[in-house]
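Naming: A, B, ... by sequence-line order, numbering from 1 per chain.
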There are 2 protein chains.
Amino acid sequence: MAPKRTKGASRRSAVSGGSARRQGWQVDPRQALRVGADIHLASVDQASTPGWTGGEEEAIAYTSSITPLLASLQERLFAAATDGSTRRVLVVAQGLDTAGKGGLARHVMGLVDPQGVRLTAFKAPTVEERSHDFLWRIRAAVPPAGIIGFFDRSHYEDVLVPAVNGELSEASLAARIEQIHDFERELIDSGTALIKVALMVSYDEQGLRLLERVDRPDKHWKYAASDMDTREKWFDYHAVYQRMLRATSFEEAPWYVVPADRKWYARLAVTELVLRTLAELEISWPEAHFDVEAERARVRATISAGALARYDERLASRLDRVAGRIAAVDDAARSLSADEAAGNGNGSGNGKVDGNGSGNGKVRGTPGGSTARSTARSTVGSTSGGAGRREEEQAGRAEETSTGTEERAG
Amino acid sequence: MAPKRTKGASRRSAVSGGSARRQGWQVDPRQALRVGADIHLASVDQASTPGWTGGEEEAIAYTSSITPLLASLQERLFAAATDGSTRRVLVVAQGLDTAGKGGLARHVMGLVDPQGVRLTAFKAPTVEERSHDFLWRIRAAVPPAGIIGFFDRSHYEDVLVPAVNGELSEASLAARIEQIHDFERELIDSGTALIKVALMVSYDEQGLRLLERVDRPDKHWKYAASDMDTREKWFDYHAVYQRMLRATSFEEAPWYVVPADRKWYARLAVTELVLRTLAELEISWPEAHFDVEAERARVRATISAGALARYDERLASRLDRVAGRIAAVDDAARSLSADEAAGNGNGSGNGKVDGNGSGNGKVRGTPGGSTARSTARSTVGSTSGGAGRREEEQAGRAEETSTGTEERAG
């Protein structure tokens with residue numbers, strides 16, 4: 001296999017202009033960002049980039065390179081639901097004002113087919129919502145099978161806000177946390193992969209982002225004076241956040257604390273968490289539920305001889321390419337899925353997030369894993385999926401004629 | 001102003017490698033595709049590209065160039081709703097199996113922020129849905145203010161399917177069409193801009209797309225034997241489509257017939273219809289609903305001196321850029337919005353769709369219009385919006401440092 005690469009070596013390759021494909025995650029973000037029972041939010045460097053040694057440019061190149069794979073895995077998830085699978089994914093995004101939750105929705109969810117995504121932004125509860133249990137509106141927004149859901153704020157607001165405002169007794173707080181546990185286990189049992197991310201922005205950075213909303217006329221609509229009232233409760237929010245994260249991070253649905261002063265890092269990290277979560281599901285394309293030979297004959301009987309001849313001429317090579325892509329996605333998914341196990345045998349996390357690619361010395365298994373990924377990325381090619389796939393499609397265009405009848409690779 | 005360019009000249013510039021920015025729409029698609037009372041579907045060339053003289057490559061370049069503008073107008077629509085505007089947009093996409101409705105959703109809606117989009121795919125009605133009026137489930141899916149809705153199939157299926165299957169008396173058919181009229185006028189009155197597109201695929205092309213679903217293992221899930229049953233009713237569907245299009249295309253909510261054998265053209269055309277519809281709304285950024293000076297002082301008091309100094313150093317030039325972008329979007333929107341009036345004074349459409357850039361001789365106003373657009377496109381730059389903006393953000397990165405505190409241009 002590939003020789004074990006040290007972190008220093010890969011840094012040098014970046015400096016010397018090495019391809020972004022040789023960069024990547026030095027520590028699986030499922031490990032680097034996972035919250036343990038002893039998380040100390042005060043020790044989180046919000047400007048750090050745990051697990052990632054490159055900069056923004058490498059992050060953008062990397063994201064482009066994995067977008068076809070992400071889109072293909074998302075389409076498999078969607079397709080599987082038409083065949084009875086109950087698997088679904090739910091990203092729960094928490095964070096204080098300006099932490100970048102909306103940007104995550106736009107940039108991460110924007111990478112895949114909008115038909116496979118359901119976004120919900122939870123505001124302060126309405127009168128009707130307040131008349132129900134706090135989980136009522138949350139349950140109504142749970143994505144159906146095959147869909148990636150994204151919650152911009154969530155049931156966790158119903159712990160945070162009343163706790164900070166002193167409206168929740170200790171007993172009520174404990175009861176809500178218990179209800180959240182039960183609810184999330186129920187989600188998991190019904191086929192949901194949960195990805196809970198807490199975006200952590202620094203005090204100065206939040207101030208600057210608020211200031212920009214005040215200074216820029218095209219951002220005024222995003223500012224409310226109440227944002228400053230919340231900012232004044234900075235420490236109260238962090239105290240409750242820390243307590244909540246500790247109490248609700250469990251093996252099947254851990255919290256990930258994502259440093260968010262660098263927007264590009266937060267987006268990169270959550271993209272990777274979604275990608276690896278999809279990979280873990282190991283979803284194949286559904287089997288045909290019809291008689292392939294019979295339907296083929298039936299369809300062919302209705303098409304003109306000329307069009308059929310042009311189609312058949314290219315069929316074998318096209319099917320070869322499709323088979324190659326399917327195998328490449330399978331390989332890449334297996335490799336991504338295995339990465340955590342190799343990098344962090346017990347999956348228990350360390351409760352610490354720092355800026356130095358935490359757990360530096362022990363990047364076990366990662367070099368092999370990222371080699372496999374690079375191979376997969378370069379062969380996945382033009383799979384079906386979201387808007388971010390545009391480049392792949394452009395690359396594939398050379399093989400398409402302009403007659404329209406030939407352009408179904410897209 | 002720019003010298004009047006003839007169609008021949010702009011073709012030459014494409015052939016000689018002229019920039020895609022000098023290409024574009026030779027006829028406003030709102031005119032070229034609009035359905036009149038005398039539409040003859042049999043005369044539609046499904047492989048044609050009405051109004052557009054370039055090819056796929058130019059279409060992709062053009063789409064990239066207008067994506068920041070589209071994203072910016074979408075964000076203004078969204079922002080205006082927070083300030084009381086009731087404006088919204090609804091794309092109704094109809095077409096037979098394989099016509100490319102899903103691809104439209106993915107590629108056109110994928111260009112803007114997924115938070116500003118609501119997609120609904122209507123399947124055969126459920127038992128509960130059938131127990132209600134046919135518009136019940138449609139009304140429930142109407143986008144709220146500020147949102148671009150996309151219907152993949154719609155209330156028109158409730159005319160098409162029963163009419164083709166002989167389940168609807170003449171009187172019931174007429175009654176449903178009347179109900180649809182009333183419903184759509186109600187939508188328009190409540191602030192909705194309706195864009196109704198009928199994707200028209202040729203018989204051979206539909207056969208080939210179905211055949212590919214049978215031949216490719218990753219497409220099996222998209223095929224059902226019933227698709228062939230529907231294909232066998234090809235002429236029946238076209239007869240009812242023609243009747244329905246004639247009966248329900250009216251001034252405020254015309255139908256657009258979109259030739260769909262070339263997927264890139266259908267996507268390009270609907271993107272342009274959405275873009276021009278947004279431009280027509282003439283939406284500005286909401287005014288501040290807070291005391292800007294007071295809030296500025298309040299926020300600044302909470303930020304460290306060093307961070308403030310770095311922020312202030314760049315503030316003037318940043319505000320200049322923002323003002324420039326706002327003006328550029330305003331100009332581009334005005335120009336796009338005016339295009340139709342210049343190209344087609346009475347807005348009545350011609351009931352014909354052909355492959356030769358219909359209405360060739362009379363490209364009045366277009367050269368000036370597209371010059372204005374090109375200017376706007378080149379200066380709109382990194383506005384906020386959808387995933388397609390990624391390139392713009394990359395271009396803007398040079399001005400961002402890696403400290404995180406400086407990267408809020410995105």
_Interchain contact, A:Q206 with chain B, by part (heavy-atom threshold 4.5 Å)_ = neither
*asked:* I'd like to know which of A:L119, A:V322, A:T302 tops the heavy-atom pair count under 4.5 Å against chain B.
replied: A:T302
*asked:* Looking at B:E232, I want to see if its CD is surrounded by more than 12 non-hydrogen atoms of other residues, nucleotides or ligands under 6.0 Å.
replied: yes
*Tell me, side chain or backbone of B:I326 under 4.5 Å from chain A's heavy atoms, or both, or neither?*
side chain
*Could you walk me through whether A:D152 and B:Q115 pass the side-chain contact (heavy atoms from CB on, under 4.5 Å) test, one step at a time?*
CA-CA 10 Å; A:D152 175 346; B:Q115 296 169 104; 4.0 Å; yes
*Between B:E293 and B:R296, is there a side-chain N and carboxylate O pair less than 4.0 Å apart?*
yes
*Which region of B:D291, side chain (C-beta onward) or backbone (N, CA, C, O), has a non-hydrogen atom less than 4.5 Å from a non-hydrogen atom of chain A, or is it both or neither?*
neither
_Tell me which of these, B:A288, B:A121, B:A224, has more heavy-atom pairs under 4.5 Å with chain A than the rest._
B:A288
*asked:* Is B:L211 in contact with chain A via its backbone, its side chain, both, or neither, using a 4.5 Å heavy-atom distance?
replied: both
_Qualifying residue, where the test is salt bridge (charged side-chain N to carboxylate O under 4.0 Å, His left out) with B:D97 and the options are B:K233, B:R153, B:K222_ = B:R153
*Given a strict heavy-atom distance threshold of 4.5 Å, which part of B:T82 is in contact with chain A: side chain, backbone, both, or neither?*
side chain
*In terms of heavy-atom pairs under 4.5 Å with chain A, which of B:V201, B:D229, B:L308 leads?*
B:D229
*Select one option (side chain, backbone, both, neither) describing which atoms of B:Q46 are under 4.5 Å from chain A's heavy atoms.*
neither
*Check A:A93 against A:F150 and note the closest heavy-atom contact, atom names and distance.*
CB-CZ, 3.7 Å
_What part of A:D227 gets within 4.5 angstrom of chain B, counting heavy atoms only: side chain, backbone, both, or neither?_
neither
*Show your reasoning for whether ring-ring contact (aromatic ring centres under 6.0 Å, His included) applies to A:Y265 and A:W52.*
CA-CA 8 Å; A:Y265 174 77; A:W52 182 261; 8.0 Å; no
*Using a strict cut-off of less than 4.0 Å between a Lys/Arg side-chain nitrogen and an Asp/Glu carboxylate oxygen, indicate whether B:R310 and B:E313 qualify as a salt bridge.*
no
*Pick from A:M109, A:R231, A:R76, A:H289: which one has the most heavy-atom pairs with chain B under 4.5 Å?*
A:R231
*Between B:R325 and B:D330, does at least one N-O distance fall below 4.0 Å, as a salt bridge requires?*
no
*In terms of ring plane angle, is the pair B:W285 and A:W221 parallel, tilted or perpendicular, where the classes change at 30° and 60°?*
parallel
*Non-hydrogen atoms of chain B under 4.5 Å away: do they reach the side chain of A:Y223, the backbone, both or neither?*
both
*With chain A, which of B:P286, B:A323, B:A294 has the greatest number of heavy-atom pairs at distances under 4.5 Å?*
B:P286
*Let me know if A:D215 has heavy atoms under 4.5 Å from chain B in its side chain, its backbone, both or neither.*
both
*Inspect the contact between B:R298 and B:E295 and indicate whether a charged nitrogen and a carboxylate oxygen are less than 4.0 angstrom apart.*
yes
_Residue part contacting chain A, namely of B:R118, when any heavy atom lies under 4.5 Å_ = neither
